[in-house]
Structure formats: C-alpha cells, structure tokens
Amino acid sequence: MVARVVPVEPFDLVVFGITGDLARRKLIPALYHRMDAGQMPQGARIIGTGRGALDDTALRRLVSEALDAFVGPKNLDAAVREAFLAAFEYLRLDATSQAGWEDLAAAVPDVPGRPRVFYLSVAPGLFEPIAAQIHQAGLAGGETRVVIEKPLGHDLASARQLNGRLAQCFDEHQIYRIDHYLGKETVQNLMALRFANALFEPLWNARHIDHVQITVAESVGVEGRGAYYDAMGAMRDMLQNHMLQLLCLIAMEPPNHIEPDEVRDEKLKVLNALAPLGDSQSVVRGQYGRDNGMASYLEEVENPDSHCESFVALKTCVDNWRWAGVPFYLRTGKRLRARVSEIAVTFKEVPHSIFPLGSGQIDHNVLIIRLQPDEGINLLMTIKDPGPGGMRLAPAELDMTFAERLAARGLRMPDAYERLVMDVVRGDQTLFMRGDEVEAAWAWIDPIVARWEEQDDRPHPYDPGTAGPDEAMMLLHRDGRRWREISA
Ligand code: BG6
C-alpha cells in the first residue's frame with residue numbers, strides 16, 4: 001500500500017497498443033498498483049484497442065499474464081486482481097483505417113465530469129493519424145485527454161510538425177507528453193528539496209556552486225531495440241528529454257506556485273538559456289565494443305557501419321544571472337559499469353582553511369540526488385574524525401535513503417507511471433512536457449547532431465563495464481575536475 005491516496009473520479013481510459021511492450025510492462029502494472037492502493041474508483045473502465053480479433057476474455061487473459069510477469073504473483077491480491085481484470089474491455093480497431101471509430105465513439109461517450117483519456121502506446125508514426133481520427137470521430141471535445149510519449153520527433157522540424165498536427169486536434173491543455181523521469185519519486189523530491197527547504201536556496205547559485213554533474217548510466221545494452229536506438233542514439237534517446245528535464249529542475253527559478261504552466265514556464269527559460277554547444281570539445285560520443293562474449297553495439301544493432309552513439313557526455317552552461325559560469329556536465333550511456341542515475345551538486349570550497357597541514361583534506365560539499373538505485377538524497381560533508389587523535393578531518397555522508405523510510409512505514413516506492421497516469425486522470429499537467437519545451441530541447445541539440453552528421457563524426461569506442469570513453473574523462477580533467485564514480 002502507498003499511503004494517503006486520494007481516489008480519482010471514475011474515468012474511461014482507451015489504450016491504443018494494449019498488447020504492446022509499454023502497456024504490458026509499465027501501464028498495466030501501474031494501474032493495478034493504483035487499484036490496489038484504492039485510488040482507482042469503481043466504474044473506471046480501461047478499453048484496450050487493437051487490430052487483432054480478441055474479445056474481453058482474451059484481453060483479460062493477456063492482462064492477467066502481464067500482471068504475473070511484471071507485478072509478480074507474490075504481490076498480487078486475488079480480489080484486487082479480479083476487480084482489476086473486470087475493468088478491461090476490448091474493442092477491435094485498426095487505428096490506421098476509418099472503420100471502427102463509430103464503435104469507439106459509442107463506447108466512450110462524452111460524459112461531463114468523466115475524464116476520457118486516449119493513451120497512444122503505439123509507434124510514434126501513429127501519433128498523428130490516431131490524433132486525427134480521434135478528432136474526426138468527434139472524440140476530442142469535453143474531458144478528453146491524449147497521452148503520448150517519446151520519441152516526440154527526432155529533430156526540431158519533426159517535433160514542430162507533430163505539435164502542429166496535435167494542435168489541429170486538441171488544445172494544449174489536453175495533451176500529456178510523458179517524460180517518465182518526471183514521474184520518478186526522487187525527481188519530484190527535487191522540487192520539495194529546493195522549494196520546501198530554506199537551507200539550499202541562498203546557496204543555489206554561481207556564488208556557491210562549483211559545478212553540477214548529471215549522470216544516467218545504464219549497465220544494459222540496447223536490448224532488442226536496435227532499430228529504434230540506432231536511429232536515435234544516446235543524444236536523442238536520453239539527453240534531449242530525460243537529462244535536460246533534470247537539468248531544468250535543478251536550474252529553474254522558483255515558480256510562483258506548483259501549477260503546470262508556472263513550472264513549465266520556468267523550465268522553458270532554462271532551456272532557452274542553455275549555452276549553444278558550438279565547441280566540439282564540449283561533447284564526447286562513445287560506442288561500446290564487445291566484451292566477454294557479449295555483443296558489441298554494432299553487433300546488437302546489426303549495423304556494422306553505424307556511427308550512432310551509445311554514450312554521450314557534454315559540458316554546458318545556463319547563461320543567466322543565477323548560473324553564470326557554472327558548468328553543468330551531463331553524461332549518459334549504455335553498457336556502463338553500473339545502473340546509476342544521479343545529480344550531484346558540488347559546492348565551492350571553503351574560502352580559507354583554519355586547519356594545519358596534515359589535518360586531512362577538506363572536501364567540497366556535494367549534494368547528491370539519487371534517482372536510482374536506492375532513491376534518496378545524500379550530503380557529503382567534512383567532519384572531525386570522531387575519537388582521540390587530535391583535530392583530524394574526515395569525510396562523512398548525511399544519508400536520506402527513501403526506501404528505508406518507506407519500508408519502515410510498510411510502503412513501497414511507486415513507479416513513475418503510477419503517478420503520471422493518475423495525474424492525467426486528475427488533469428494535472430505539472431509533470432508533463434509542454435510542446436514548446438520539447439521544441440526548445442530539440443533546438444538546442446539539433447546543431448550538434450547536424451554537425452556529427454555533416455562531419456561523419458565517429459563515436460569513440462569504449463569497453464563495456466567502464467565509465468565510457470577516456471575522452472569523456474578529459475571533459476572534466478581539462479577543468480581540473482573529475483566525474484563521480486559510477487558504482488552501484
Ligand atoms: C528510455 C530510453 O526513455 O529510458 C531507454 O528510451 C532507457 O533507452 C530508459 O533505457 C531508461 O529509463 P529508466 O527509468 O530505466 O532509467
């Protein structure tokens with residue numbers, strides 16, 4: 001159970017692509033957990049659509065299998081499972097053809113006060129046609145909301161086109177663009193940390209902060225998504241969205257209120273203040289080789305000539321009054337030493353040491369916001385080494401691991417999709433990207449990617465299980481700094 005759940009209003013959720021991977025792995029388990037927590041009300045309906053000749057019973061069987069696989073039999077409650085399966089209905093619909101839309105319109109009539117959510121868990125090429133069909137079928141009015149998830153274009157032009165087409169069908173307040181990083185518990189905690197504590201805000205600027213590192217390291221490879229990944233690369237797959245969103249939350253000014261457009265206005269200002277990445281020395285790309293019988297990137301994507309990066313590291317600045325001159329170093333990659341996502345904010349050194357040489361080192365204070373694993377916040381400090389032996393300084397760590405606090409209260413860490421799906425039903429867009437944010441992020445990375453393509457740039461090879469190519473180390477060494485270790 002997750003504490004303090006406020007049930008949402010009964011809703012109709014139409015899932016395009018209900019039998020796909022995202023729905024099975026993420027959406028169905030998230031909805032189950034919300035029902036288990038008492039948040040999904042009686043009368044909520046989940047209508048799965050697809051081209052296949054299924055019926056309600058067959059769909060419920062598929063959903064049941066997804067629960068076994070991705071929630072796990074140990075975590076399933078028989079009564080909740082039964083009620084959950086009963087909420088599912090199947091509607092046969094080929095999203096690309098004209099047929100079947102009247103049936104859908106009849107199945108989910110516009111009922112005032114009853115949210116009608118269309119979740120497009122489909123290939124991105126289907127976003128525009130499905131949006132147009134929803135509109136043509138007269139389903140875009142009233143309480144309609146539409147949910148899409150990256151890739152939201154592959155460059156500025158395609159993102160603009162997608163936004164333009166969506167705008168022909170829906171108002172911006174009806175469009176929920178998921179970046180699942182924004183639903184992660186620690187990412188939301190970042191806002192609490194910054195704006196519900198008086199301690200950090202006075203220090204949160206170029207006068208006191210030396211630099212910021214954002215790392216999203218994965219130990220897995222491209223995992224059967226070779227065709228998608230090889231057309232995207234780490235820059236488009238992770239940096240354009242998840243990592244820039246994290247950067248925005250670190251760097252943004254306090255919004256007046258935690259209201260969707262106030263938060264998103266502030267994030268947009270950060271994106272617009274990012275220094276252009278003109279200098280090729282500020283960006284390093286890498287591609288993993290083969291190791292211990294594990295396939296190399298090129299083998300995994302089955303493209304021996306691929307110049308696509310599975311790793312990217314870069315240095316940027318937020319050119320505004322608060323952050324002038326503070327480097328933000330970002331890196332992300334696959335097949336690295338461990339799965340670690342964290343933001344590390346390093347404060348400046350003390351201006352003068354009163355301690356004699358030989359007392360031990362005074363390290364920078366570092367505030368570490370850990371997204372995964374072991375979600376939590378740590379603060380690295382210097383203290384006196386306890387006990388006799390005179391004034392000897394030693395590093396110490398203030399550790400706020402959330403899992404322990406939750407476990408102590410018999411609670412579980414919710415998955416990002418649980419929060420995000422319920423926010424869609426509630427009509428709260430705070431944790432969703434607005435169209436202009438997506439465009440600003442593309443506008444910033446496009447010139448870099450274009451340069452790689454023009455110059456036929458090749459990524460630096462790196463060994464799996466490492467921290468990426470040596471050139472990425474140089475990015476910080478040149479500035480007299482070091483990346484934090486990537487370790488589980
Ligand atoms: C996805 C990327 O958006 O995020 C994947 O497409 C990546 O390549 C994944 O593996 C990482 O998400 P998480 O939540 O596991 O950190």
Side-chain angles (χ1 to χ4, degrees), residues 17 20-27 29-30 33 70 120-125 127 147-154 159 176-190 214-247 249 285-288 297 300-301 306 308-313 330-343 369-376 402-403 413-421 431-433 437-438 441-442 445 449 459 464 468 486 488:
D21 212 41
L22 175 68
R24 291 170 55 229
R25 279 175 189 276
K26 292 293 179 185
L27 191 56
H33 283 304
F70 300 111
L120 277 50
S121 181
V122 292
F127 293 164
V147 185
I148 54 173
E149 183 163 1
K150 65 170 265 267
L152 302 175
H154 59 271
Y176 288 73
R177 296 177 187 82
I178 289 191
D179 183 314
H180 79 279
Y181 266 58
L182 294 179
K184 289 187 189 269
E185 190 69 12
T186 324
V187 176
Q188 295 169 61
N189 230 308
L190 185 51
I214 305 180
T215 298
V216 177
E218 297 184 273
S219 49
V220 292
V222 297
E223 301 249 277
R225 295 157 76 224
Y228 156 82
Y229 194 89
D230 204 40
M232 298 292 278
M235 188 67 138
R236 290 181 168 119
D237 182 51
M238 295 293 288
L239 209 128
Q240 185 271 347
N241 39 79
H242 307 322
M243 301 204 55
L244 287 186
Q245 286 291 322
L246 297 180
L247 188 157
L249 293 176
R285 314 161 74 203
Q287 192 186 72
Y288 58 84
Y297 176 84
E300 278 199 70
V301 301
S306 174
C308 181
E309 77 284 355
S310 58
F311 174 99
V312 66
L330 276 56
R331 68 178 160 168
T332 182
K334 294 201 183 276
R335 280 254 197 279
L336 297 180
R337 190 172 296 133
R339 178 176 187 248
V340 182
S341 298
E342 63 166 39
I343 304 168
I369 299 128
R370 252 177 315 130
L371 275 54
Q372 56 203 23
D374 307 328
E375 294 87 339
F402 300 144
M413 187 72 71
D415 182 73
Y417 284 84
E418 295 181 44
R419 168 72 197 254
L420 295 174
V421 175
L431 299 177
F432 297 83
M433 294 179 294
E437 283 180 78
V438 176
W442 281 121
I445 74 153
V449 177
I486 293 181

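Position 1 is the first residue of the sequence, and the numbers go up from there. Read the numbers this way: they start at 1 and go in the same order the structure lists the ligands and their atoms.
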Q | Shortest protein contact, atom 16 (O) of ligand 1 (heavy atom only) | A | Tyr181 OH, 2.4 Å
Q: Below 4.0 angstrom from a heavy atom of Lys150, which ligand 1 atoms are there? Numbered from 1 as shown, please.
A: 1 (C), 2 (C), 3 (O), 6 (O)
Q) Non-hydrogen atoms of Glu223 versus ligand 1: any pair closer than 4.0 Å? A) no
(Q) I need the atoms of ligand 1 closer than 4.0 Å to a non-hydrogen atom of Met238, numbered in the order shown. (A) 2 (C), 4 (O), 7 (C)
**Q.** NZ/NE/NH1/NH2 to OD/OE distance under 4.0 Å, Lys26 and Glu149
**A.** no
Q: Give a yes/no on ligand 1: does Met232 have at least one heavy atom closer than 4.0 angstrom to it?
A: no
Q. Does a side-chain heavy-atom distance below 4.5 Å link Ile178 with Lys150?
A. no
**Q.** Winner among Arg339, Lys184, Glu149, His180 once heavy atoms are compared against atom 4 (O) of ligand 1
**A.** His180
Q: Below 4.0 angstrom from a heavy atom of Gln372, which ligand 1 atoms are there? Numbered from 1 as shown, please.
A: 13 (P), 16 (O)
Q) Given the rule in the side-chain contact (heavy atoms from CB on, under 4.5 Å) test, do Leu246 and Val187 qualify, once you have shown the distances and angles that lead to the verdict? A) CA-CA 7 Å; Leu246 297 180; Val187 176; 3.7 Å; yes
Q. Considering only heavy atoms of Lys334, which atoms of ligand 1 have at least one such atom less than 4.0 Å away?
A. 5 (C), 7 (C), 8 (O), 10 (O)
Q. Taking all atoms of both residues into account, what is the closest heavy-atom pair of Leu336 and Gly468, and its distance?
A. CD2-N, 3.6 Å
Q.
Test your reading of the structure: does Tyr229 have an N or O sitting under 3.5 Å from an N or O of ligand 1?
A. no
Q: Using the six-membered ring wherever Trp is involved, compare the ring planes of Tyr181 and His242 and label them parallel, tilted or perpendicular (cut-offs 30° and 60°).
A: parallel
**Q.** Non-hydrogen atoms of Arg236 and Ile445 that approach each other most closely
**A.** CG-CD1, 4.2 Å
(Q) Counting non-hydrogen protein atoms only, what is the nearest one to atom 8 (O) of ligand 1? Give residue, atom name and distance. (A) Asp237 OD2, 2.6 Å
Q. What class does the angle between the rings of Tyr297 and Tyr288 fall in, given that below 30° is parallel, 30 to 60° is tilted and above 60° is perpendicular?
A. perpendicular
Q | Lys334 with Glu218: basic N within carboxylate O range, under 4.0 Å | A | yes
**Q.** atom 7 (C) of ligand 1 - nearest protein heavy atom and its distance
**A.** Glu218 OE2, 3.5 Å
